[in-house]
Amino acid sequence: MNTLDLLLQLDESKLKKPSKEVEMKRLSELTGAKVIFKVEALTPAKMEEIQEIAMDTDTENINISELQIMTVLEGVRDPNFKTKDLMDKFGVYTPKDLIRKILLPGEIITLYNIIGDLSGFDGGAVEEVKNS
């Protein structure tokens, strides 16, 4: 059976975005209970949108910090950093400011990497076939 036939047989409902739950250990220690973030892969369209937002139009360089924050903002499904109550609680006006207030830089980078892995950037998503 060729690849096209395999793809034609694929059940579209199985194409859900990969997701996982991760414990935020520092926050768990601070609250005395497990703080679990639910994270999921980004769609190609969302990834493209984030890259455009993080692009410095003058230099055409990507602002890595902005890329990481936006990836965490869009890839963390729970808690929802866009929740007004949460922003009010921490005295911030934007979801990005909320992330910067709650999370340490290393936690942001770790979440960014986990979301990247779920989105297929882990290096194991595609395997080269050796010609024999």
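Note that the structure is a prediction, hence the values are computed from the model and not measured. Because only heavy atoms are used, hydrogens play no part in the values below, and waters and symmetry mates are left out as well, while side chains stay in.
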### Query
Side chains of Lys17 and Leu118: closer than 4.5 Å at any heavy-atom pair?
no

### Query
Does any N or O in the side chain of Thr71 come within less than 3.5 Å of the main-chain N or O of Tyr112, such that one atom is a donor and the other an acceptor?
no

### Query
Going hydrophobic residue to hydrophobic residue with side-chain gaps under 4.5 angstrom, can you get from Ile36 over to Val76?
no

#### Entry: Side-chain ion pair, Asp97 and Lys101, N-O less than 4.0 Å
no

### Message
Quick one, Ile102 and Glu107 - any side-chain contact, counting heavy atoms below 4.5 Å?
### Response
no

### Message
Any salt bridge linking Glu21 with Arg77? Criterion: basic side-chain nitrogen under 4.0 Å from a carboxylate oxygen.
### Response
no

### Task
Could you grab the distance from atom CG of Leu4 to atom CD of Gln9, nearest 0.5 Å is fine?
10.0 Å

### Query
Atom CG in Leu67, atom CD in Glu52: separation rounded to 0.5 Å?
12.5 Å

#### Entry: From Leu98 atom CG to Lys84 atom NZ, the distance as rounded to the nearest 0.5 Å
12.5 Å

### Query
If every non-hydrogen atom of Phe121 is compared with every non-hydrogen atom of Met47, which pair is closest and at what distance?
CE1-CE, 3.5 Å

### Glu29 bridged to Arg26 by N-O distance under 4.0 Å
no

#### Entry: Within one Ile-Leu-Val-Met-Phe-Trp-Tyr cluster: Ile62 and Ile109, side-chain cutoff 4.5 Å
no

### Query
So which of Leu42, Thr110, Val22 actually passes side chain to side chain contact (heavy atoms under 4.5 Å, CB included) with Ile115?
Leu42

### Query
Under 3.5 Å, is there a donor-acceptor pair between the side chain of Thr83 and the main chain of Asp85?
no

### Query
Under a 4.5 Å cut-off applied to non-hydrogen side-chain atoms, are Leu103 and Phe37 in contact?
yes

### Summary
To the nearest 0.5 Å, atom OG of Ser65 lies from atom NZ of Lys96 at 9.0 Å

### Message
In this structure, would Phe90 and Leu27 fall into the same cluster of hydrophobic residues linked by side-chain contacts under 4.5 Å?
### Response
yes

### Side-chain heavy atoms of Asp56 within contact of Glu66, under 4.5 Å
no

### Residue pair Lys82 / Leu73, side-chain heavy-atom distance below 4.5 Å
yes

### Same cluster (ILVMFWY, side-chain, under 4.5 Å), Ile69 and Leu104
no

### Query
Looking at CD of Gln68 and CG of Asn63, how far apart are the two atoms once the value is rounded to the nearest 0.5 Å?
9.0 Å

### Summary
Residues Ser119 and Ala41: closest non-hydrogen pair is OG-CA, 3.4 Å

### Query
If Ile, Leu, Val, Met, Phe, Trp and Tyr residues are connected whenever their side-chain heavy atoms lie under 4.5 Å apart, and connections chain through other members, are Leu30 and Val35 in the same group?
yes

### Query
Rounded to the nearest 0.5 Å, how far apart are CD of Gln51 and CD of Glu49?
11.0 Å

